[in-house]
Amino acid sequence: MNKLYLECTSGISGDMVVAALLDLGVDQDMLLEALDSIPVEGFEIQISRTEKSGMDVCDFHVMLDAAYENHDHDMEYLHSNHNHHKEHHHEQENAHYPEHGNRRHHGHKGAHHHTQRGLREVSEIIVQSKITETAKELALKIFEILGRGEAKAHGTTLEELHFHDAGAVDSIVDIIAAAVCIDSLEIDDVIITELYDGQGTIRCRHGILPIPVPAVSNIAEENGLKLHVTDCFGELITPTGAAIAAAIRTKEQLPEEFTVKKIGLGGGKRTYDCPGFVRALIIN
């Protein structure tokens, strides 16, 4: 029996999970074809290699149209209120290396209209995508977990919750990609022992929030995820990452002995005082 172990000592995000699974051996062409079927405009996919803490890792990048305002990877915006942060001095660590196999996929790029997307609209997008029924079910499960965590944080209901443009597109692509990758691996169990987060605060559209951010805390509470707070200043766990972990996890303890069959490393876009990647291992 093959099991997937996700080691999240540097946190977890949607793009980190997808990148780790691609590095593990998920077929890129299959994934790109699946993402090209998503009935959403305004994004491109880039799969490349990057360096995190001296390690060669896979990078999965959802690039949004310039019309979208997206600060998810803007370190100065996210942490400009922290003078003691050091991440601004490490741009080279997160540099891309196209010579290692850069690939850009032109998806639904072009004119689009800003819309308010709730869970119903997102569900319709997932259902209309040309992916397997199993992947659709998993993607819907992930988004519902994410939606409940966000709804509780904002004092609204799952039915009334709306995702802003950039967050919706970014999350839709990451979540569908993660579901497609997990489905293609045909594994028996997913082991996630705990999720490591940082500390301090982070800036978002709604103001300054404490870390772990409320949506992550809500998802952890509802789904029994174990959180480990490190001495790293910064957000290591994103709500999308937490929702993916909650949806795919079947066990929280590693076997006493196991054999490692494959290893994949998926890098994140932010640079903190930690390795900055998710490690995925196929074990038995």
Side-chain angles (χ1 to χ4, degrees), residues 3-26 49-60 72-73 75 78-79 82 85-87 90 93-94 142 174 178 181-182 185 187 189-202 210-213 215-217 219-221 223-283:
K3 301 177 178 64
L4 172 66
Y5 168 47
L6 285 185
E7 184 184 72
C8 306
T9 54
S10 292
I12 185 172
S13 62
D15 59 330
M16 292 168 77
V17 171
V18 176
L21 298 181
L22 284 168
D23 202 38
L24 202 59
V26 170
R49 309 300 300 181
T50 190
E51 181 181 326
K52 302 294 286 187
S53 295
M55 304 296 292
D56 175 58
V57 306
C58 181
D59 179 70
F60 176 80
D72 284 352
H73 308 145
M75 302 302 290
L78 295 173
H79 299 293
H82 294 299
H85 280 313
K86 300 178 182 179
E87 59 266 30
H90 298 290
E93 183 182 28
N94 202 30
I142 296 169
D174 279 345
C181 289
I182 289 291
L185 288 175
I187 49 181
D189 282 304
V190 178
I191 302 168
I192 301 176
T193 57
E194 57 189 342
L195 305 180
Y196 284 60
D197 208 346
Q199 56 181 284
T201 61
I202 191 166
I211 298 169
V213 296
V216 167
S217 299
I219 292 169
E221 176 192 20
N223 297 277
L225 295 175
K226 293 181 180 179
L227 300 182
H228 179 98
V229 177
T230 70
D231 58 3
C232 174
F233 283 90
E235 180 193 37
L236 306 184
I237 305 173
T238 67
T240 298
I244 291 172
I248 67 176
R249 185 192 63 163
T250 60
K251 293 184 177 180
E252 61 180 37
Q253 287 188 333
L254 279 167
E256 291 185 4
E257 295 182 346
F258 56 88
T259 301
V260 178
K261 298 183 67 176
K262 291 182 180 179
I263 301 174
L265 303 178
K269 305 299 182 298
R270 302 174 186 174
T271 301
Y272 295 123
D273 292 330
C274 63
F277 56 80
V278 163
R279 181 161 63 168
L281 299 89
I282 295 294
I283 64 175

Quick check: do [X] and [Y] have side-chain heavy atoms less than 4.5 Å from each other?
X: L281; Y: L4; answer: no
X: L227; Y: D197; answer: no
X: D15; Y: K269; answer: yes
X: L254; Y: I283; answer: yes

Practice item. Could you go through the side-chain contact (heavy atoms from CB on, under 4.5 Å) check for R49 and D59 one step at a time? Key: CA-CA 6 Å; R49 309 300 300 181; D59 179 70; over 6 Å; no

Reported [atom1]-to-[atom2] distance for the pair [X] and [Y], which is rounded to 0.5 angstrom:
X: K52; Y: S10; atom1: NZ; atom2: OG; value: 8.5 Å
X: I219; Y: I142; atom1: CD1; atom2: CD1; value: 11.0 Å
X: L265; Y: C58; atom1: CG; atom2: SG; value: 9.5 Å
X: M16; Y: L21; atom1: CE; atom2: CG; value: 12.0 Å
X: F277; Y: C8; atom1: CZ; atom2: SG; value: 11.5 Å
X: L236; Y: T9; atom1: CG; atom2: OG1; value: 9.5 Å

Minimum heavy-atom distance [X]-[Y], with the two atoms named:
X: G14; Y: I244; answer: CA-CD1, 3.7 Å
X: V190; Y: I248; answer: CB-O, 3.1 Å
X: G266; Y: A19; answer: CA-CB, 3.5 Å
X: G11; Y: V278; answer: O-CG2, 3.4 Å
X: D174; Y: F60; answer: OD1-CE2, 3.5 Å
X: A178; Y: V18; answer: N-CG2, 3.6 Å

Review point. Looking at E194 and K226, does any basic side-chain N land under 4.0 Å from a carboxylate oxygen?
Key: no

Check your understanding: So, D23 and K262, do they make that salt bridge, N to O below 4.0 Å?
Key ->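 No, D23 and K262 are not salt-bridged.
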
Counting only N and O atoms by type, is there a donor-acceptor contact under 3.5 Å from the side chain of [X] to the main-chain atoms of [Y]?
X: T230; Y: C232; answer: yes
X: K251; Y: T193; answer: no
X: E235; Y: I202; answer: no

Practice item. Could you give me the CA-CA distance, side-chain angles and deciding distance for I211 and V229, then say whether side-chain contact (heavy atoms from CB on, under 4.5 Å) is met? Key: CA-CA 9 Å; I211 298 169; V229 177; over 6 Å; no

**Study point:** Worked verdict on I12 versus I237 for side-chain contact (heavy atoms from CB on, under 4.5 Å)
**Key:** CA-CA 5 Å; I12 185 172; I237 305 173; 3.9 Å; yes

Point to revise | Worked check of side-chain contact (heavy atoms from CB on, under 4.5 Å) between I191 and R249 | key: CA-CA 6 Å; I191 302 168; R249 185 192 63 163; over 6 Å; no

Review point. Is a side-chain donor-acceptor pair under 3.5 Å present for T250 with D189?
Key: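 On atom types as modelled, these side chains qualify, holding a pair under 3.5 Å.
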
